[in-house]
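Just so it is clear, the values below take in all heavy atoms, side chains as well, and ignore hydrogens, waters and symmetry mates.
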Amino acid sequence: MKQFLLIIMSVTFLSSCKNQKLTTSFDNYPAPIHENLWTNYSKESTLFKLWSPTAEEVKVRLFKTGNASNSFETFSLKSAKSGIWQKEVTKDLDGIYYTYQVKINGRWLEETSGIYAKAVGVNGNRAMVLDLNTTNPDKWEKDKGPHINHLNEAIIYELHIRDMTIHPESGSSLPGLYLGLVEEGTKGKDNISTGIDHLKELGITHVHLLPTFDHYSIDETNLDRPQYNWGYDPQNYNVPEGSFSSDPFNAAVRIKEFKQMVKAFHDNNIGVILDVAYNHTGKTKEANFNQEVPGYYYRHWQDGSYADAAACGNETASERAMMQKFMIESVTYWTKEYHVDGFRIDLMGIHDITTMNKIADAVKKINPDALLYGEGWTAKDSPLPEEKRALKKHMKQLPQIAAFNDDVRDGIKGSVFEDESTGFVSSAKDMEESIKFGVIGAIQHPQLEYKKVNYSNVPWALEPWQSINYVSCHDNHTLFDKLKISKPEADTDELIAMDKLANAIVLTSQGTPFLHAGVEMLRTKNGEHNSYNLPDSINQINWNWKVQHKEVFQYYKNLISLRKAHPAFHMKSAKDVVSHLKFQTIEDGIVSYMIKDNANEDSWKNILVVYNAYNKNINYKIDGTWQEAVSGDTFDLKGERTLKNNIEIPALSMYIAFQK
């Protein structure tokens, strides 16, 4: 009787979606949150499982290939408990593809790979039974990512796999692929290092990969045709994207090569962070979730229409028991099976606080060094009450997670939503408090006037590492394009100086630094601000830039070396920042501060940092004797030059002096 009532409820929901009032409550569905719903393989048998409490029948079909073949065997799953359907097939199915199909209200829905698929064939339409042990690289059992004590010790570099190696001057023999990204010894013009060797030379600690889960947008059967997408249209959440593999038709290959990529990064002491988009699915009605339990995994408005806080057609319901279960099990699967070192949560503000904290607990239990951070906002409104959302302003309720600091982002360069808007480095007025807010990592500090900060009139971070400090990312204009568009009168030298000052602020602030791939060589997208589906000619890293802008690359490399060498720039706690960091001169175009008393066990006793956004040199008075560490493009961490009374601070630059 209970199952019959659930079927009636599902039918009611489906009809209510036609702009009628939603009359059912998905919370009444049974929620077997402790049941294992992954396909369970052994040589002797494979257990297929699917949760669909409103189903009348469920079938699993077996195939020899991932596409273009007919099913050679079909089994009916049996209804078990709490809406679970299952079938054990007692033979070795390793390498066999399969699909599920669910019947509701007398109608068979579309075949899918199932939301818990671990391996899929070309274009993700069929799952595959696979002995995952056969996909592990040599010495995989000993593989481990880098150790960090606090998140702000990391230096994150956000990249798209294809972008890094698709340009002819990348020197890659595997352009655009997982293994191309970690191919060593690749060179561009003038013998410059490219690919992973470039990342090692630069000194970053973690790569942040734009979505590499299986997504809809790329036709993997036709990769000779030009195609491009960032990948924020999820299809199979627990499988690597096939277009980055050498053979998307063989389900095992993408898994093997993804693991090889991770291990290669780890062997070079670089962590791997996945960009994940659990907040929406790439399709709505046709999505795998809706082919198993129609409507359940999504939020809806009172009239039954799909909510769309993601601005992608739908939003998922993280607070619902089985969606929460799926999200937690998905991130822990990636952490265990693929050894990834953290997650960037797309539009994290769509998810509820409770689920995000459970995700953090689960991931940290497996990998205490994991990094978790997200966008603390939504794209549109949501039925989820605001007080429950994992928003930037609620970060104090998310003690193991960080959020992107758009206050300092736009404070440095101007609003991402207004092309002409300028920031601190591009001569805007009244941006100094937003810069200070980034310097301290969005915490409470007695020297800040919070009402003057861009978007936040109160501190939102418990600890400084919770602030992901950045000035550019894949979204919106590249840093160089933004500066060029907003300051059309500036010449190239001025634009370069602004660019360097922008990320000098990021890399000497207490928050966690985040760099957009190519920023270290003045990356441009020819003024395009939304390149999610634009061609390689717009999105690719042109390695000739590194040749043309050697001094910019060297500046970024030196900045990273400085940060790594001096832990005073990444203090462990808000208490330490308040105790050791004191702001000095604050006026239009000038922000200076001192880090005192060997902060965070730094070898330098006192450190003076000055950001000069004026397009002219300034004279800065000092007390006592200091040693010069950074002036313009010159980095001398030994401090050979002694300073007294006054310092000449070069135009549009960061200056650092220290006392031993």
Side-chain angles (χ1 to χ4, degrees), residues 155 157 159 164 167 169-171 186-195 197-204 412-413 424-427 470-472 477-484 487 490-508 513-526 540-566 569 609-618 628-641 647-657:
I155 298 166
Y157 187 93
L159 63 87
M164 291 296 288
H167 190 274
E169 291 295 338
S170 75
T186 58
K187 300 288 184 183
K189 278 184 181 176
D190 291 1
N191 208 36
I192 60 152
S193 296
T194 64
D197 289 349
H198 168 80
L199 300 178
K200 289 154 59 178
E201 184 184 4
L202 184 60
I204 54 94
I412 290 173
K413 69 173 183 183
F424 176 77
V425 304
S426 41
S427 70
Y470 73 124
V471 71
S472 59
H477 291 112
T478 69
L479 174 57
F480 190 71
D481 284 348
K482 168 64 176 176
L483 294 171
K484 192 172 183 178
K487 294 290 286 185
D491 62 28
T492 300
D493 288 345
E494 290 174 311
L495 293 172
I496 289 173
M498 292 176 203
D499 178 285
K500 290 190 290 190
L501 177 57
N503 272 315
I505 295 169
V506 167
L507 283 160
T508 53
F514 175 104
L515 301 173
H516 180 216
V519 71
E520 72 281 11
M521 44 182 134
L522 305 184
R523 182 180 187 173
T524 177
K525 294 184 182 178
N526 296 337
Q540 65 192 348
I541 298 294
N542 181 340
W543 290 98
N544 293 321
W545 297 331
K546 188 176 179 182
V547 177
Q548 295 160 7
H549 306 298
K550 288 179 182 177
E551 78 290 349
V552 178
F553 171 76
Q554 188 62 44
Y555 187 84
Y556 275 79
K557 180 181 174 181
N558 288 338
L559 279 176
I560 290 171
S561 295
L562 168 73
R563 185 178 180 89
K564 284 181 165 181
H566 289 282
F569 293 114
V609 181
V610 183
Y611 306 136
N612 175 18
Y614 280 112
N615 197 12
K616 63 180 180 180
N617 294 3
I618 61 167
E628 184 177 273
V630 181
S631 178
D633 285 343
T634 302
F635 284 71
D636 175 15
L637 302 193
K638 292 182 180 179
E640 300 291 345
R641 185 183 176 204
I647 309 170
E648 187 81 4
I649 310 290
L652 278 172
S653 74
M654 175 189 73
Y655 189 97
I656 295 179

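By the side chain to side chain contact (heavy atoms under 4.5 Å, CB included) test, E201 pairs with S193, K546, F553, K557, sequence neighbours left out. Listed by chain and number, the residues in a ring-ring contact (aromatic ring centres under 6.0 Å, His included) with Y556 amount to none (sequence neighbours excluded). In terms of the side chain to side chain contact (heavy atoms under 4.5 Å, CB included) criterion, residue partners of K200 (sequence neighbours excluded) are, by chain and number, E184, I196, D197, N268, I270. Listed by chain and residue number, W604 satisfy the ring-ring contact (aromatic ring centres under 6.0 Å, His included) test with H566 (two or more places apart in sequence, or in another chain). The ring-ring contact (aromatic ring centres under 6.0 Å, His included) search around Y655 returns none, not counting sequence neighbours.
Note on residues 491-500: pairs passing salt bridge (Lys or Arg N to Asp or Glu O under 4.0 Å), not counting sequence neighbours, are K500-D633.
Residues H516 and L479 have side chains not in contact (no heavy-atom distance under 4.5 Å, counting atoms from C-beta outward). Contact annotation: the side chain of L202 never approaches that of I155 to less than 4.5 Å [non-hydrogen atoms, C-beta and beyond].
Shown here for S472 and V519, the closest heavy-atom pair between the two residues is OG-CG2, 4.2 Å. Taking both residues in full, the closest heavy atoms of L495 and K487 are given as CD2-O, 4.4 Å, listed atom of the first, atom of the second, then distance. The two atoms that bring I412 and A502 nearest to each other are CG2-CB, 3.5 Å, heavy atoms only. Nearest heavy-atom pair, T194 versus G188, reported as atom, atom and distance to 0.1 Å: CG2-N, 3.6 Å. Nearest approach of K189 to V547, heavy atoms of both residues: O-CG2, 3.5 Å. In terms of heavy atoms, I656 sits closest to M654 at CD1-CE, 3.7 Å.
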Tell me, with the steps shown, if L199 and L159 meet side chain to side chain contact (heavy atoms under 4.5 Å, CB included). CA-CA 11 Å; L199 300 178; L159 63 87; 4.2 Å; yes
One pair to check against side-chain hydrogen bond (donor to acceptor under 3.5 Å, both in side chains): D481 and T524. What are the steps and the verdict? CA-CA 6 Å; D481 284 348; T524 177; 2.6 Å; yes
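The backbone N or O of L507 sits less than 3.5 Å from a side-chain atom of R563, completing a donor-acceptor pair. Put simply, the side chain of K413 gets close to the backbone of V471: a donor and an acceptor are under 3.5 Å apart. Checked by atom type and distance alone, the side chain of D636 never pairs as donor or acceptor with a backbone atom of A629 at under 3.5 Å.
Just one residue in the list M164, Q548, K187 forms a side chain to side chain contact (heavy atoms under 4.5 Å, CB included) with W543, and that residue is M164. The only member of E169, H167, R523, H198 that meets side chain to side chain contact (heavy atoms under 4.5 Å, CB included) when paired with I541 is R523.
Within the model, atoms NE2 of H549 and CD1 of I496 stand 6.0 Å from one another, a figure rounded to the nearest 0.5 Å. Rounded to the nearest 0.5 Å, atoms CG (N617) and OG (S653) are 7.5 Å apart. To the nearest 0.5 angstrom, L501 atom CG is 7.0 Å from Y555 atom OH. Here CZ of R641 is found 10.0 Å from OG1 of T634. Values are rounded to the nearest 0.5 Å. Here the OG atom belonging to S427 is positioned 8.5 Å from the CG atom belonging to N615, to the nearest 0.5 angstrom. Expressed to the nearest 0.5 Å, how far NE2 of H477 lies from NZ of K482 amounts to 7.5 Å.
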